[in-house]
Structures are given as structure tokens and as C-alpha cells.
Amino acid sequence: MIDDFLPAAVPVADLIRAFHKLPGIGSKSAQRLTYHLVRMPEEEARSLAEAILNVKERIIFCSQCQNISEIDPCPLCTDPSRDRNTICVVEEPLDVLALERTHCYKGLYHVLHGAISPINGIGPEELRIQELLRRLKDGSVKEVVLATNPNLEGEATAMYIQRLVSPIIATITRLARGLPVGGDLEYADEITLTRAFQGRQEF
Amino acid sequence: MPKLRIYTTESIILRSIPLGEADRLLTLFSPNLGKLKVTARGARRITSKLGGHIDPLTCSSLTIVNGKTIDTITSADTLDAFLPLKNSLNLISEGLYLAELVDSLNPLEAPNLATYNLLLLGLKQFSNTSSPILLRHYLEVHLLKSSGFLPELNVCTECRLNLTPGNHLFSPRSGGTLCLKCAGSYEDATRISIDAIKVIRYLLSTTITLATRLNVSEQLELEITNLIRRFLQHTLEKEIRSFTFLNLVYHKKPYKTTSSIRI
């Protein structure tokens, strides 16, 4: 398939191949993006290239929360207004952004960089679980909120962490699972409905 | 059987990987179509109507549209979510191992009703049994049988003579048991106890209920685990990755083989 690009000039074919390696980019999208860049003003193309290089050269993992940051510790970990007694454990850096948009959580985060998925070759040792245990050892954290995704991998990850953390931390909580805003009850699966019923609140 | 433009099939979801911005690539096992790979568009969005119906280890009725390169799920309805299994980490790890085993032993689009029934039975039984390890062994040997990979455990794979107690070894490369005389050219041949052979033969001939009532020592259980694991690794030419997690969940340590005695 990719060899179809060979009639194109070598730099163009190289760029198509590079785009094709990105997640969610098929061969047609890779060709469209490449020819868009070919027509782009040189200044814009150069700034895109610099942005890509900056991501690779200037971004590091925060030694505390393991989130992607430019400085270590990251601004969230050094923010004096954050509640240091609570750590919210999430799968990906994007989950931190999603939770921050809610403005309802003021504690710290811990990013695992994935979820346990043995069938896909991701075991606990591939995640930043040991780093979490190290953070919890000093006893200052009173609550761990497990905010992994509400699917089988997320549940397995939450259960595994709960096993490891329960001897150290008294309060381990899990984000509530139930019906999403904007969804239709008739389309909900039985697990979601069961959890929604279990977590019902006085109205 | 040729697939229709739009078809509905009962399926158990074996595997799910993120695809594109909000899609999922699923591996399913259907009783009449076998193993299938399909996409579920937008399934990762929190308001997706597919969401929980296509989570791994769920049995769902799926409506699928035939595509040029890959088929796409248009609607899904849960038939059994195996909720008790999903409430325990040990049982989730058993379920994931079973799913990976079925995925690895079966080629795409090769219907195998016996394998489907075993998978369904296994996912139901794990939450009702007090012997998950024996149940796992029962499913392993029956899955090997239904997919045509069952090792020979009655005669020597070389000379075809009946085995005599104390005069037998096991070699994944030979496809089963060997007598001492024929084992010389098989460097992977190791000793196997007569009890291990008897337990596996019993698992093959009995029902799932009787199999899980068997009283087996921990050492014998470990010997059977080792034997099946070595055989699967040789047959599939790869490690069953979920087994490492399974062992971590049960024993809180990485898997180590028992010291098999080489001849």
C-alpha cells in the first residue's frame, strides 16, 4: 500500500510514511496531510516542525505525578492551593485535562500512562504504579481516588491498585459509574444500569 | 457461510483496542461465524450507545455491516455481561486468559461451535466455582481438543505403544507423551507424573461440574499448569501474555516454572 507512494518525490513519500505511522491516520489521510504541507507557506511548515521538536526536547515526566510537563515538579504538584491529602489516579495525561475542566477537584493527580490489558501485552509493570506506591509511603495522603476508565481494563487496573494501596491508605474511592448526561436510558447496558441503581441518591 | 450485507450474530468480545479518535477495534467470537475483527465507531465516547455492550468478556447480540476492508458494528445489545466475574480481580484475570487462549487458538472466520460453547460455559462457571484453577485446566484441555491441538496422552507419539507407569516423558515438540526409549531425540522431553496424566485424561472425559470437584494437591496443580503452559507456548509459538498477569494476581510474583527433571 505504502509503496504506492514511491512515484512521488522521495521527501514527499518519506513524509507520507511518517504520517501513516501515526494513530488513526490511514494512507489517504497521510497523503492529504502531506500535500497540504507541500502547499503550506514555508514559515508555517517551519513552526510546525519546531513545535514537534519542542515536544520531544522540552517535555519531561513530572517526578511526582508522572504527568507530562515542561518543568519538574509540574505546576499542579507545586501549586500551594491544591489539597495534598488526596491523589486522583488517572490512566492518561488527557484525563487530567478532562478533570481539570470540571473545576470540582482540587487535589493532586497521578498518571499511570495506560491501563492493565494483559491480552494487549500491558501488565502492571508497564504502568507507573510503583511510583504511586512510593508517593503514598510518607503517610501524608489520606485518600486515593481511582479514576480509571469505566471499562474492563480500567476496572482491572483499579482493583489491582486497590489491592496494593489498601494496606497503606485508609480511604480508597472510585469515581461513580452510571448514566451519562445526554444519553438515553434505553441504550444503557446492564452493568451501567446496575451501577447507576446501586449509586442512586435521595432526590 | 457467505456473510450478508447486514448480519446479526451473538458474540463474545475477546479483545478491544482503541482505534482512531474514538473508535474501537474488536475481536469477537461468534458461534456461527467464528473469530471476527470488526470496528465500533465512536464506541469510546461516554455517550456511545455501543459502550458497555461491547466491553471485553461480554456476550452481546451484534448487528454488523459488511465493509470493504473491515466490518462495522451498528448496534449492540448485551445478552450476558458476566457481572459476578467482573467483580473479582482473580476472575477477571481468568476471563482475560480464557479470551486470549480462544483468540490465539482460532484463525479468523473459522466457525467452531464447541469452542464458543466452552468459552460461554467458562465465563459463566468462573463466578460459581470454588476451584477456578481446575476449571481453567478443564477449559484449556477442552479448548485444545476443540481446536485440534490436543496432545497425545495415551501412547508414545513415536512408537505408538501404550505407556507404562514410570516409563514416560512429555515433549511439546513430539506432540505429547514419549516412552523412555524414543525420547532421546527430543531435547524438550521432561518427566511427567502419572497422576498429572491421569488428571488431564479425567478432565477430558468428565463434565465441568465433576471436574471442579476433583481433589488435587497444589504440587500436582502446578505440574499440570507447567505442562499445559509449555505445550501452548510450543504450539502457538508465542507466550500467552495474560498468563503472567494471572500468576501475578494469584501469587503476587512473576511466574516461575517448577524444576522439571530433564532426562
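The model shown is predicted, which means the values in this text are computed figures rather than measured ones. Residue numbers start from 1 in every chain, and the chains themselves are labelled A, B, ... in the order their sequence lines are given, proteins ahead of strands. Computation of the quantities below employed the complete heavy-atom set of this structure, encompassing side-chain atoms and omitting hydrogens, waters and symmetry-equivalent molecules.
Only the backbone of Ala188(A) comes within less than 4.5 Å of a heavy atom of chain B; no side-chain atom from C-beta onward does. In this structure, no portion of Arg177(A) lies under 4.5 Å from any heavy atom of chain B. Of the atoms belonging to Glu186(A), not a single heavy atom falls under 4.5 Å from chain B. Only the backbone of Ser88(B) comes within contact range of chain A, with at least one heavy atom under 4.5 Å from a heavy atom of that chain. If you measure heavy-atom distances from Asn87(B) to chain A, the contacts under 4.5 Å come from both the backbone and the side chain. The part of Thr194(A) that comes within reach of chain B is its side chain, from C-beta onward, which places non-hydrogen atoms under 4.5 angstrom from that chain. Heavy atoms of Ile92(B) lying under 4.5 Å from chain A belong exclusively to its side chain. Heavy atoms of Leu83(B) lying under 4.5 Å from chain A belong exclusively to its side chain. Contacts between Pro118(A) and chain B at a heavy-atom distance below 4.5 Å involve backbone atoms as well as side-chain atoms.
Taking all atoms of both residues into account, the shortest heavy-atom contact from Leu89(B) to Tyr160(A) is CD2-CA, 3.6 Å. Nearest approach of Lys86(B) to Met159(A), heavy atoms of both residues: O-CE, 3.1 Å. The shortest heavy-atom contact between Thr78(B) and Glu190(A) is CG2-OE1, 3.7 Å. For Pro180(A) against Ile46(B), the heavy-atom pair with the smallest separation is CG-O, 3.6 Å.
Of the residues considered (Asp103(B), Ile240(B), Asn90(B), Leu50(B)), Asn90(B) shows the highest number of contacts with chain A, using heavy-atom pairs under 4.5 Å. When each of Ala158(A), Gly26(A), Pro124(A) is checked for heavy-atom pairs under 4.5 Å with chain B, Pro124(A) comes out on top. Top candidate by heavy-atom pairs under 4.5 Å with chain B, chosen from Asn149(A), Ile119(A), Ile25(A), is Ile119(A). Heavy-atom pairs under 4.5 Å with chain B peak, among Ile116(A), Leu179(A), Leu22(A), at Ile116(A). Most heavy-atom pairs under 4.5 Å with chain A, from the set Leu57(B), Thr27(B), Asp55(B): that is Asp55(B).
Remark: Arg84(A) CZ is packed, more than 12 non-hydrogen atoms of other residues, nucleotides or ligands lying under 6.0 Å away. For Lys56(A), the NZ atom counts as loosely surrounded, since its 6.0 Å shell holds 12 or fewer non-hydrogen atoms of other residues, nucleotides or ligands. Within 6.0 Å of CZ on Arg41(B) lie no more than 12 heavy atoms contributed by other residues, nucleotides or ligands. Other residues, nucleotides and ligands contribute over 12 non-hydrogen atoms within 6.0 Å of the CG atom of Leu113(B).
Here Leu96(B) contributes atom CG and Ser117(A) contributes atom OG; the two are 7.5 Å apart, rounded to the nearest 0.5 Å. Distance check, rounded to the nearest 0.5 Å: NE2 of His53(B) to OG1 of Thr192(A) gives 7.5 Å. Once rounded to the nearest 0.5 Å, the distance linking CG of Asp184(A) with NZ of Lys49(B) reads 10.5 Å. Interatomic distance, Ser16(B) OG to Asn151(A) CG, rounded to the nearest 0.5 Å: 7.5 Å. Note that CZ of Arg241(B) is 9.0 Å distant from CD1 of Ile122(A), once rounded to the nearest 0.5 Å. Asp189(A) CG to Thr58(B) OG1: the interatomic distance, rounded to the nearest 0.5 Å, is 8.0 Å.
Side-chain N or O atoms of Arg163(A) include one that pairs as donor or acceptor with a backbone N or O of Val249(B) at under 3.5 Å.
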